[in-house]
A.B. asks: 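Mind having a look at this structure? Questions to follow.
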Amino acid sequence: MRVVDTEGQSVKFPGSHILSITQFERHDIESVFAVADQMAPYARREKMTQVLDGAILGNMFFEPSTRTRISFGCAFNLLGGKVRETTGFESSALAKGESLYDTARVLSAYSDVIAMRHPQAGSVAEFASASRVPVLNGGDGANEHPTQALLDLYTIRRELEGRGRSIDGLRIAMIGDLRYGRTVHSLSKLLSLYKKVKVVLISPKELSMPESIVEGLREAGHDVVVSDELETNIRDVDIVYSTRIQEERFSSQDEADVYRGRFRINQSIYTQFCQPNTVIMHPLPRDSRAQANELDADLDNNPNLAIFRQADNGVLVRMALFALVLDVADKIHDSAKPVPWYTGGR
Amino acid sequence: MRVVDTEGQSVKFPGSHILSITQFERHDIESVFAVADQMAPYARREKMTQVLDGAILGNMFFEPSTRTRISFGCAFNLLGGKVRETTGFESSALAKGESLYDTARVLSAYSDVIAMRHPQAGSVAEFASASRVPVLNGGDGANEHPTQALLDLYTIRRELEGRGRSIDGLRIAMIGDLRYGRTVHSLSKLLSLYKKVKVVLISPKELSMPESIVEGLREAGHDVVVSDELETNIRDVDIVYSTRIQEERFSSQDEADVYRGRFRINQSIYTQFCQPNTVIMHPLPRDSRAQANELDADLDNNPNLAIFRQADNGVLVRMALFALVLDVADKIHDSAKPVPWYTGGR
Amino acid sequence: MRVVDTEGQSVKFPGSHILSITQFERHDIESVFAVADQMAPYARREKMTQVLDGAILGNMFFEPSTRTRISFGCAFNLLGGKVRETTGFESSALAKGESLYDTARVLSAYSDVIAMRHPQAGSVAEFASASRVPVLNGGDGANEHPTQALLDLYTIRRELEGRGRSIDGLRIAMIGDLRYGRTVHSLSKLLSLYKKVKVVLISPKELSMPESIVEGLREAGHDVVVSDELETNIRDVDIVYSTRIQEERFSSQDEADVYRGRFRINQSIYTQFCQPNTVIMHPLPRDSRAQANELDADLDNNPNLAIFRQADNGVLVRMALFALVLDVADKIHDSAKPVPWYTGGR
């Protein structure tokens with residue numbers, strides 16, 4: 001296992017930072033997913049645990065975020081812990097010229113584990129190197145957002161389970177802004193750990209997947225198809241992973257509209273071109289405005305639209321990481337209790 | 001009972017959204033108030049409960065608010081639950097074109113119940129229709145703020161208890177900006193569920209109560225008096241409900257000052273014109289600046305000034321709604337424990 | 001003991017406000033420090049307590065702050081309590097003309113104790129006078145920040161313990177902006193309660209310690225040295241307390257740079273001029289930018305650099321104050337439990 005401690009040495013999960021998907025080998029990922037599976041009944045409120053009663057999460061979001069921040073906080077609460085939090089930058093000593101080293105030394109004394117987002121690439125690792133407690137990277141600019149990559153892969157695994165397929169042998173189409181989209185880069189890197197994957201990369205030429213990522217997939221022995229046509233390329237895939245086409249990437253609004261029109265999926269396109277049980281994923285948020293909706297609202301009743309299960313899985317994966325890093329994964333079942341309040345049977 | 005679920009069907013409280021005062025029939029309100037009564041010893045820290053231990057409130061304030069937000073959060077904490085929270089709009093995916101439907105699908109997975117404020121009328125109901133957990137409306141623009149209306153009526157009921165009077169037969173004067181004031185509209189609608197109420201509406205003509213509200217009161221058989229004179233109309237009422245005159249509603253500062261001067265209540269006016277035990281209410285905040293103070297600070301030692309008890313009651317009403325919606329109202333007493341820390345005997 | 005209640009009367013700690021260091025006599029400080037000592041194993045996660053389970057802290061920061069806010073919240077969480085919080089001013093009714101009296105009456109109903117920061121001097125005391133629960137001053141503008149002063153003195157006491165010295169007989173150099181620096185003023189006042197202290201005040205003449213503070217030290221019988229030279233004056237002290245030289249205090253950047261250069265401490269200066277075990281303190285944040293670093297990063301491995309232990313001690317002191325004010329200091333050991341999660345053995 002290559003999960004590393006602050007000195008860059010290999011250690012097991014307890015006490016480790018989770019900074020990058022490059023830390024994970026395939027069996028590490030399987031460990032995380034196995035623990036995430038065990039978290040499902042707690043996230044569904046079928047039972048509850050207080051295994052982290054008394055523990056404190058420092059939920060340090062130096063860049064605003066509602067859902068990722070709350071997903072981390074909720075995951076920690078579901079394990080019984082408490083959350084201290086910051087949102088945004090202005091009130092921080094970082095803005096007054098304090099080094100990340102000092103900030104990390106001070107803030108890491110306040111909690112048992114830290115989830116951190118920061119706009120600057122590399123900042124979370126720099127913070128972690130001075131932190132006295134494990135740090136989970138919640139996104140450091142254009143660099144990494146490892147929990148998103150893990151929840152994407154976990155979603156693929158869970159969605160395929162009922163279909164008699166697995167990540168080995170997966171066929172996936174990635175669609176949209178593949179050049180700047182952090183999630184498709186990370187997912188591609190994780191897929192390199194698996195076997196015989198077919199990856200169809202559908203994007204405008206201006207927004208095509210960086211060559212280094214494509215090379216990585218090919219070096220892993222995967223079959224990579226590159227195209228700027230949607231319909232002909234989503235016929236034989238298990239997963240359609242859609243992302244947003246951002247208009248600011250194009251020289252004119254007209255050009256942006258051409259591409260957005262070409263990569264839009266609605267129920268009619270799905271029925272006509274996809275396999276009947278092709279899974280639809282998206283990292284969210286999807287833009288619901290008429291000129292930009294890459295996934296039309298008429299898909300919302302399609303049972304293969306997995307975008308909200310995908311978001312839900314983020315809680316499971318984050319619970320699993322907290323449990324592994326704080327070394328309580330094997331104590332959860334013993335502490336399980338029935339839930340005494342209304343849960344809606346979800 | 002007309003409390004509705006997401007399909008608009010009648011259900012009991014457990015699992016229901018609380019979106020509008022129009023959901024409530026008189027016996028529903030009595031149910032809420034009976035539970036609120038039971039919450040008083042917990043809010044006064046005479047005992048404590050952990051009945052919602054492990055439950056999470058999503059306190060989603062897409063419009064900033066300190067006191068309503070904290071009142072909801074405090075109410076949930078007093079029942080033993082934890083709170084995840086957002087304040088303001090900027091960091092939200094809503095600002096990036098995400099639909100309320102998507103936001104609701106994602107965020108509602110993180111908590112067991114949601115309290116939500118949003119600047120746009122109807123937005124909370126739209127959110128609720130996609131939410132997987134019950135949603136309590138914490139104010140949606142000019143539309144509804146049902147917990148404020150309930151706490152106002154609950155305050156009237158409690159204040160009158162010691163005076164041998166009740167909401168049936170109530171005499172109340174509403175004063176100030178009756179045109180735009182959301183609280184007086186909602187309170188008037190709730191009063192239509194009761195009998196033989198006398199409502200004195202005191203405002204500048206420009207800020208008079210909307211005709212539809214006045215009609216509703218008259219259809220309920222209530223006695224409605226409309227006036228723009230304060231002193232002669234507050235003589236024979238049980239409750240004086242004061243609201244702010246907002247200067248921006250008038251063509252000139254001079255005109256605003258005329259009206260503000262005419263509707264200002266201080267101890268001298270109270271003594272001269274009111275019954276000796278007339279209750280004074282206000283939705284707060286009251287403007288303490290000299291040119292605007294509708295309730296003078298010299299009333300602060302008047303025992304009939306109920307404005308802070310009114311704010312306190314918000315915690316009781318919100319505790320009651322949480323307990324009803326999450327179906328733990330009848331489990332609270334069994335979980336009661338003594339409070340081991342200093343409470344000030346409040 | 002002169003800790004005061006809302007009527008200014010002397011009371012014991014339980015239920016008291018903590019507004020100013022002038023409330024404390026020497027034996028009060030010793031009481032706080034004795035309780036803080038007992039908090040250390042909880043802050044180090046050697047054991048945990050839930051003594052404030054069910055209690056709510058209102059962490060009211062009307063002026064943004066990350067570390068002081070989180071330090072208060074963390075201290076309360078470590079005692080088992082929950083935290084409701086506000087950050088910044090804009091969303092507050094205070095901005096709409098509400099008096100601090102009203103704000104205090106309303107907000108103090110939501111919690112069992114309040115920690116408050118506000119940009120206006122005197123505002124926290126004004127708030128406290130209307131509050132129904134104890135208020136801890138977390139900083140009111142240029143006025144007071146008593147928990148910082150207490151943690152500074154507590155740090156001095158703990159650092160000296162292993163050196164066979166004590167606050168009586170202490171030799172301390174205060175360096176930098178002594179005119180505007182709130183922390184050095186407060187620390188000087190606290191030192192007046194002790195015996196035979198030598199205080200070396202090193203600053204540019206423009207930023208020298210106010211005469212009233214110097215007088216107070218001399219009246220206490222202390223030996224005060226005033227200088228604008230660093231090296232010759234840090235030779236024989238137990239503590240070097242460095243603060244930031246702020247460039248905006250000088251007429252030109254050049255002049256600021258002269259002084260900053262003269263008061264900068266790095267490992268070379270430390271080795272050359274200080275005793276081998278002189279303790280280095282700083283209220284943080286220290287400015288790490290090249291033109292301003294009063295304490296160079298090359299000191300970070302010097303075991304006598306106490307600046308992070310100093311920040312850590314803030315949690316202990318705040319835990320102690322909460323425990324004293326809420327009267328649970330003697331109940332903590334009975335409620336102690338082992339910590340079941342990974343703690344890193346810190």
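Letters go in sequence order (proteins before strands), and every chain restarts at 1.
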A.B. asks: For the pair A:Lys331 (side chain) and C:Pro340 (backbone), establish whether a donor and an acceptor sit closer than 3.5 Å, ignoring hydrogens and angles.
C.D. replies: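 Present.
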A.B. asks: Among residues 39-60 of chain C, which ones touch chain A with a heavy-atom distance under 4.5 Å?
C.D. replies: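 Only C:Arg45, C:Met48, C:Gln50 of residues 39-60 of chain C have a heavy atom under 4.5 Å from chain A.
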A.B. asks: Is it the case that over 12 heavy atoms from other parts of the model lie below 6.0 angstrom from the CZ atom of C:Arg264?
C.D. replies: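 Buried by this count: over 12 neighbours within 6.0 Å.
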A.B. asks: Side chain to side chain contact (heavy atoms under 4.5 Å, CB included) for C:Thr87 and A:Glu85? Distances and angles first, verdict last.
C.D. replies: CA-CA 11 Å; C:Thr87 310; A:Glu85 201 160 64; over 6 Å; no
A.B. asks: What's the spacing between A:Asp112 CG and C:Leu78 CG if we round to 0.5 Å?
C.D. replies: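 Nearest 0.5 Å value for the CG-CG distance: 7.5 Å.
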A.B. asks: For A:Ser335, which atoms come within 4.5 Å of any heavy atom of chain C: side chain, backbone, both, or neither?
C.D. replies: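 Looking at A:Ser335, nothing touches chain C.
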A.B. asks: What is the minimum heavy-atom distance between C:Cys74 and A:Tyr110, and which atoms define it?
C.D. replies: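 So the minimum-distance heavy-atom pair works out to SG-O, 3.1 Å.
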A.B. asks: How long is the gap from CZ on A:Arg105 to CG on C:Leu284, to the nearest 0.5 Å?
C.D. replies: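 Answer for the CZ-CG pair, A:Arg105 versus C:Leu284, is 11.5 Å.
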A.B. asks: What parts of residues 293-311 of chain C touch chain A if we use heavy atoms and a cut-off under 4.5 Å?
C.D. replies: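 C:Asp300, C:Phe308, C:Ala311 fall under the 4.5 Å cut-off.
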A.B. asks: Under a 4.5 Å heavy-atom cut-off, does chain C meet the side chain of A:Val325, its backbone, both or neither?
C.D. replies: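 For A:Val325, the contact with chain C is made by the backbone alone.
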A.B. asks: Would a distance-only check, ignoring hydrogens and angles, find a side-chain to backbone donor-acceptor pair under 3.5 Å from A:Ser99 to C:Ser288?
C.D. replies: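 It does not hold such a pair.
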A.B. asks: Pick whichever of C:Asn77, C:Leu79, C:Val83, C:Val339 has the most heavy-atom pairs under 4.5 Å with chain A.
C.D. replies: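 Ranked by contacts with chain A, first place is C:Asn77.
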A.B. asks: Within this structure, what is the CD-CZ distance for the pair A:Glu98 and C:Arg67, rounded to the nearest 0.5 Å?
C.D. replies: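 If I round to the nearest 0.5 Å, the distance is 4.0 Å.
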A.B. asks: Quick check for you: to the nearest 0.5 Å, what is the distance between C:Thr66 atom OG1 and A:Leu107 atom CG?
C.D. replies: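 The CG atom of A:Leu107 is 7.0 Å from OG1 of C:Thr66, to the nearest 0.5 Å.
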A.B. asks: With a 4.5 angstrom heavy-atom cut-off, which part of C:Thr343 approaches chain A: side chain, backbone, both or neither?
C.D. replies: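 Nothing of C:Thr343, per the 4.5 Å heavy-atom cut-off to chain A.
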A.B. asks: Any side-chain heavy atom of C:Trp341 within less than 4.5 Å of one from A:Asp327?
C.D. replies: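 SC-SC contact between C:Trp341 and A:Asp327 ruled out.
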A.B. asks: How long is the span from the CZ atom in C:Arg69 to the CZ atom in A:Arg84, to the nearest 0.5 Å?
C.D. replies: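 Those atoms lie 8.0 Å apart.
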A.B. asks: Shorter than 4.5 Å, heavy atoms on both sides: which option in C:Gly314, C:Gly73, C:Gly344 has the most such pairs with chain A?
C.D. replies: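 Looking at each of C:Gly314, C:Gly73, C:Gly344 in turn, C:Gly73 comes out on top.
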